[in-house]
Number of protein chains: 2
Amino acid sequence: MPTTPTKRLDKIDIAILSTLQKNARITNTELARVVNLSTTPCFNRVRNIENLGLIKQQVTLLNPERLGLNLNVFISVSLERQVEDALRSFEEAISVRPEVMECYLMTGDADYLLRVVVPDTKALERFILDHLTKVKGVSNIRSSFALKQVRYKTELPLPANGMTLPDEESAPQEWL
Amino acid sequence: MPTTPTKRLDKIDIAILSTLQKNARITNTELARVVNLSTTPCFNRVRNIENLGLIKQQVTLLNPERLGLNLNVFISVSLERQVEDALRSFEEAISVRPEVMECYLMTGDADYLLRVVVPDTKALERFILDHLTKVKGVSNIRSSFALKQVRYKTELPLPANGMTLPDEESAPQEWL
DNA sequence: GGTGAAAACCTTACTCT
DNA sequence: AGAGTAAGGTTTTCACC
């Protein structure tokens, strides 16, 4: 058995990731200062992190309230029969709708859980009637409203003392 | 009645917001090119958008799979009695745990819905036993696993043709 | 890894339209 | 409001320790 070709992230790499997660616009100069490196090695580490495919995207988070997007709704959707084809067409239909922030296929009876952001209940109604119910195979829809967003963050939890990366694409594991 | 002091975002402002939502690291020069403006007015508009408080944060999104964070779990938590004090202490306890990505207070019987990201079921168990069940007032915990993250985005839906901003802080509306 | 310096590029302010 | 220009500052790269 060959030694695993996993890369190891040390404490400094983690500190860089952690800092970038909180601030995408930090300059290399300041990042270097934060992690106690000079600019060149810091720059090289960031490049290495990018090459490892650890960074998905750098984005701007807007204030939903200031934009009048005051409604967070969780919608449970059940499909009649979980034929792979029905799942695929549901996922495609959902993925073009801008108000669908998140969508998960859940354990259980082929249920999807959606988080939808809309300005008001009128817009929610339009989304459900015009888009959700029109998808073939949708059988049950249940909406729950969020009274309050207690927490929302994009920062993933990272181990404080370095880590070994899992083999990239451990081939979606085919069990016997 | 005085005229409402709402600001209006035109098509170009929306285009800027939309572009920034997708890319936090775009330079002003390139942003200007994208929205068909020269750098100066583009720069001024971005500054105006910042001053309106529309931008919450600029962040780096990491790849959870590449980091071995393969488990998305939704946890419904019910509190015994929804005394305001119990709610507050639950929210505080939850807000220091790095694995809690999202937390919503839902309509119904003072239920919270959490989205938690962990590397494996062991870590989930530790979170539930060491942190959730130890919070005073927690009565019921129900976990659902996500088999697949069909969609995850941070980009809020914006109207294509401009919009009027709602009055800022329309005083958390006190009804009689 | 670290240093220093040079090239390229960005930001920002001023002025004119 | 937007365009052009130019000064000043940063980032990024390169050669070398």
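Per chain, numbering begins at 1; letters A, B, ... match sequence-line order. These numbers come from a predicted model, not from an experiment.
To the nearest angstrom, C1' of dT11(C) lies 15 Å from CZ of R25(B). Between the P atom of dG1(C) and the CG atom of N44(A) lies a distance of 9 Å, rounded to the nearest Å. We find that CD1 of I12(B) is positioned 6 Å from P of dG2(D), with the value rounded to whole Å. The distance from atom CG of N28(B) to atom C1' of dG2(D) is 14 Å, rounded to the nearest whole Å. Whole-Å rounding puts the L31(B) CG to dT12(C) P distance at 13 Å. A straight line from CZ of F43(A) to P of dT12(D) spans 5 Å, rounded to a whole angstrom. If you take CD of E30(A) and P of dG9(D), they are 17 Å apart, rounded to a whole angstrom. Summarising the geometry, the separation between CD1 on I16(A) and P on dG1(C) is reported as 10 Å, rounded to the nearest angstrom.
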Can you name the atoms? Protein N/O to nucleotides 4-7 of chain D N/O, anything below 3.5 Å, with the distance.
residue, atom, partner, partner atom, Å
dG4(D), O6, T40(B), OG1, 2.4

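Under the 4.5 Å side-chain criterion, counting only non-hydrogen atoms from C-beta, V118(B) is not in contact with R126(B). Inter-residue side-chain proximity for V138(B) and L79(B) is flagged as met; some heavy-atom pair is nearer than 4.5 Å.
In this structure, E30(A) pairs ionically with R33(A), as a charged nitrogen and a carboxylate oxygen lie closer than 4.0 Å. Between D10(A) and R45(A) a salt bridge is recorded (basic side-chain N to carboxylate O distance below 4.0 Å).
A donor-acceptor pair is defined here as one N or O able to donate and one able to accept, closer than 3.5 Å; no such pair exists between the side chain of Q21(B) and the backbone of L62(A). At distances below 3.5 Å, not a single donor-acceptor pair connects side-chain atoms of S18(A) with backbone N or O atoms of I14(A).
Contact between the side-chain N/O atoms of R47(A) and the OP1/OP2 oxygens of dT13(D) is found at a separation under 4.0 Å.
Other residues, nucleotides and ligands contribute only 12 or fewer heavy atoms inside 6.0 Å of the NZ atom of K136(B).
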Could you walk me through whether K153(A) and E155(A) pass the salt bridge (charged side-chain N to carboxylate O under 4.0 Å, His left out) check?
CA-CA 6 Å; K153(A) 71 182 186 96; E155(A) 201 185 333; 5.1 Å; no
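Looking at the side chain of R45(A), the nearest of the listed nucleotides dT11(C), dG1(C), dG2(D) is dG1(C).
Residue whose closest nucleotide on DNA chain D sits further toward the 5' end, between D10(B) and T29(A): D10(B). Nucleotides of DNA chain C nearest to T27(B) and L37(A) differ in position, and the one nearer the 5' end is that of L37(A).
Residues passing the side chain to side chain contact (heavy atoms under 4.5 Å, CB included) test with S38(B), sequence neighbours excluded: P41(B).
Axis orientation changes by 20° from one end of the helix from dG1(C)-dC17(D) to dT17(C)-dA1(D) to the other, with each end axis drawn from 5 pairs and the value rounded to 10°.
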